[in-house]
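These notes concern the structure reproduced below.
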Amino acid sequence: MKPLPWIRCTLGLLLLCTAGADSGRKPNFVFMMVDDLGIGDLGCYGNTTLRTPNVDRLALEGVKLTQHIAAAPLCTPSRAAFLTGRYPIRSGMVAHGRMGVFLFSASSGGLPQEEITFAKAVKEQGYSTAVIGKWHLGLNCEDSADHCHHPNSLGFDYFYGTIMTHLRDCQPGHGSVLYFVHAYIPYKALMFGFLVLVGVVVSLFGVLVYTFPNLNCFVMRGAEIVEQPYTSENLTQRMTSEAIEFLERYVSAFHSKRPFLLFFSFLQVHTGLFASRLFRGRSQHGLYGDAVMEVDWSVGQIMHTLERLNLKENTLVYMTSDQGPHLEEISIHGEMHGGYSGIYKAGKSTNWEGGIRIPGILHWPGVLPAGKVIDEPTSNMDIFPTVLNLAGASIPSDRVIDGHDLLPLLQGQVERSEHEFMFHYCNAQLNAVRWHPPNSNAIWKAFFFTPDFYPENSSACFHTHICFCIKPYVTFHDPPLLYDLSKDPSESTPLSPDTEPQFYSVLEVIQAAVSRHAQSLKPVPVQVSPLQIVWKPWLQPCCSSLSQLCTCEQDHQIENSPKNEN
């Protein structure tokens, strides 16, 4: 039986009034999101060969979610959902074609200002807000300085980081992500009577590859570009130092009287992989493992800073990944640069469990129980209502919010997740549905289509570098493939009417839920359409001039080395 709303409200107020030594004060928030980290990469989720002591300690002292689900299996839509508490299709942050993320900084698409992020909501409650690290949710709309999609336009007071994701092109000697685009140019068709055109296409492609790092790999502080292109080797150290400085400035300026929200968004462990000198060669898993260990070091530095500044007792810490690992990543030298999904199938860009089941660790001494493990379905969209309720902000009533407040579940006030259904999108296509029936331990999951793996006996799409959501790269299923994740979490054997007596009745309930969900969707402008994601020279961010390839000096303020290794 669910608690009545007034009871839940009373419990929430009671929580805020009994949060240890900081009684009567609103909590602070620190969110740490790793890029492309696999759930199987962490010791607290079963990895025995990769050392992550700081993340493991966070889980030991907090609550670990074992069925924590990303709202999308790609960076851009997953992050949009995380910030807004809404499926990305509601904000237009999904694609209808092959490309599901932003590839150029001079694209015009991005998270619309009409969307309410948790940063925007808590800022109205007096919070100081900051995002440090990767953004990947757009920048400009009509000119190179309007910054309509910039973090400052979406609720964050302070920004230090990269507008784009970290790509191979940003890491010298790692090749170019554009080579995978190159494979889809129809040269044979063009050569039939159009040799000149082929030459033009090849030339333009060469120019694009040559200029790509300068035009897309840059660091911003607020609205200003401070390094273009950036040096990647010590990026995590620099971002960590920036986060620590933000916390120290906060304590110095406000003497802990004003609450804060810090979103630390790692560039690691997205490829091209990098690790600083002190972490290279330290793991058993090559450069990828070194990068994971550096991320773990960074988590430890931030937690140590919270403790040193006496902020730990009044700060809710959340650690996660944006989606599963990129299994198809192979370096130009033939090394595997992808992560590990553990027992779960496939990885990034798919809605198999390996692509969307992500780490979910929440830590708040004296408020959340230590060492608790929760197996109920939860979502990265749940952070939005959880934060708003704790900050005293109202949940928006003019739009659908798909996340649910996690606090009752985390504290044991309830034993069941409020997510009866979850809808798993692959770009704009509804790919699968998860159903956790009331009064049942079953977790049904139905797939309407699945990606075509290559090689066929693998669980990845090595022929296309990433799995796609459209024909001819998928197989549709009628009836849908059905699994019970409570018995088969690895999704190894689909059920059938012969093996599952409830087969058709389960699918009937799921189809009815899909119909209700579809009715809740409203048409919105698509932000990840080909027209929106294409490079537009008038939107190009540039700290010098295009004739100088936008080069500017390194931001020397942020060159720091790790203070310790653990």
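The figures here come from the full heavy-atom set of this structure, side chains too, leaving out hydrogens, waters and symmetry mates.
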- Hey, are the side chains of Leu406 and Thr378 touching, using non-hydrogen atoms and a 4.5 Å cut-off? yes
- Can Glu329 and Arg168 be said to form a salt bridge (charged side-chain N to carboxylate O under 4.0 Å, His left out), step by step? CA-CA 10 Å; Glu329 270 294 349; Arg168 288 172 177 240; 2.7 Å; yes
- Message: Is a donor from one side chain sitting under 3.5 angstrom from an acceptor on the other, for His436 and Glu376?
- Response: yes
- Message: Angle between ring planes, Tyr454 versus His463, binned at 30° and 60°: parallel, tilted or perpendicular?
- Response: tilted
- Can you check whether Asn216 reaches Leu167 side chain to side chain, under 4.5 Å on heavy atoms? no
- Between Arg90 and Glu115, is the closest basic N to carboxylate O distance under 4.0 Å? no
- What class does the angle between the rings of Tyr158 and Phe246 fall in, given that below 30° is parallel, 30 to 60° is tilted and above 60° is perpendicular? parallel
- Which pair of non-hydrogen atoms, one from Val30 and one from Thr315, has the smallest distance, and what is that distance? CG2-CG2, 3.8 Å
- Message: Between Phe264 and Phe266, is the ring-ring contact (aromatic ring centres under 6.0 Å, His included) condition met? List the steps.
- Response: CA-CA 6 Å; Phe264 190 97; Phe266 288 90; 4.5 Å; yes
- Tell me, which pairs form a side chain to side chain donor-acceptor pair (under 3.5 Å) where one or both residues lie in residues 505-518, sequence neighbours left out? Tyr425-His517
- Query: Do Glu353 and Arg434 pass the salt bridge (charged side-chain N to carboxylate O under 4.0 Å, His left out) test, and can you show the C-alpha distance, the side-chain angles, and the key distance before you say yes or no?
  - Reply: CA-CA 11 Å; Glu353 290 298 285; Arg434 179 184 309 248; 2.5 Å; yes
- Task: Would you confirm whether Asn140, through its side chain, and Leu539, through its main-chain N or O, come within 3.5 Å as a donor-acceptor pair?
- Result: yes
- If you measure from OG on Ser341 to CZ on Arg357, what distance do you get to the nearest 0.5 Å? 11.0 Å
- Derivation of the ring-ring contact (aromatic ring centres under 6.0 Å, His included) call for Phe263 and Phe82: CA-CA 11 Å; Phe263 174 27; Phe82 169 64; 5.3 Å; yes
- If only atom types and distance count, is the side chain of Asn28 paired as donor or acceptor with the main-chain N or O of Phe260 below 3.5 Å? yes
- Task: Would you indicate whether the side-chain heavy atoms of Asn431 and Phe448 approach each other to under 4.5 Å?
- Result: no
- Item | Ring centers of Phe384, His404 separated by less than 6.0 Å | no
- Query: Would Gln323 and Asp36 count as a side-chain hydrogen bond (donor to acceptor under 3.5 Å, both in side chains) if you check the C-alpha gap in whole Å, the side-chain angles of each, and the deciding distance to 0.1 Å?
  - Reply: CA-CA 6 Å; Gln323 72 271 317; Asp36 287 5; 2.4 Å; yes
- Item | Backbone of Pro377 reached by a side-chain donor or acceptor of Ser417 within 3.5 Å | yes
- Item | From Tyr483 atom OH to Glu491 atom CD, the distance as rounded to the nearest 0.5 Å | 6.5 Å
- Task: Any chance you could measure Leu316, atom CG, to Leu362, atom CG, to the nearest 0.5 Å?
- Result: 5.5 Å
- Message: Quick check against the 3.5 Å criterion: does Asp146 have a side-chain atom that pairs as donor or acceptor with the backbone of Cys141?
- Response: yes
- Can you check whether His477 and Phe447 have ring centres sitting under 6.0 Å from each other? no
- Query: Is there a donor-acceptor contact under 3.5 Å from the side chain of His136 to the main chain of Phe102?
  - Reply: yes
- Item | Nearest-0.5 Å distance, CG of residue Asp382 to CD1 of residue Ile69 | 10.5 Å
- Query: Does any non-hydrogen side-chain atom of Pro541 lie less than 4.5 Å from one of Leu139?
  - Reply: yes
- Message: Restricting to non-hydrogen atoms, name the atom on Val514 and the atom on Val433 that form the minimum distance, rounded to 0.1 Å.
- Response: CG2-CG2, 3.7 Å
- Task: Could you grab the distance from atom CH2 of Trp135 to atom CG of Leu267, nearest 0.5 Å is fine?
- Result: 14.0 Å
- Task: Decide if atom OH of Tyr45 counts as having more than 12 heavy atoms of other residues, nucleotides or ligands within a radius under 6.0 Å.
- Result: yes
- Query: Taking side chain as C-beta onward, heavy atoms only, is Tyr318 less than 4.5 Å from Ile361?
  - Reply: no
- Query: Taking the inter-plane angle between the rings of Phe31 and Phe29 on a 0 to 90° scale, is it parallel (under 30°), tilted (30 to 60°) or perpendicular (over 60°)?
  - Reply: tilted
- Message: Does this structure show an ion pair linking Asp322 with Arg79, if we count only N-O contacts that are shorter than 4.0 Å?
- Response: yes
- Note on the structure: Value for CD1 (Ile163) from NZ (Lys134), rounded to nearest 0.5 Å, stands at 12.0 Å
- Task: Taking the side chain as every heavy atom from C-beta outward, state whether Leu262 and Ile132 have any pair of such atoms under 4.5 Å apart.
- Result: yes
- Query: Step by step, would you call Lys348 with Glu328 a salt bridge (charged side-chain N to carboxylate O under 4.0 Å, His left out)?
  - Reply: CA-CA 9 Å; Lys348 176 179 178 176; Glu328 296 89 350; over 6 Å; no
- Could you check if a side-chain atom of His424 sits within less than 4.5 angstrom of a side-chain atom of Ile356, using non-hydrogen atoms only? yes
- Query: More than 12 foreign heavy atoms under 6.0 Å from CG of Asp398: is that the case here?
  - Reply: yes
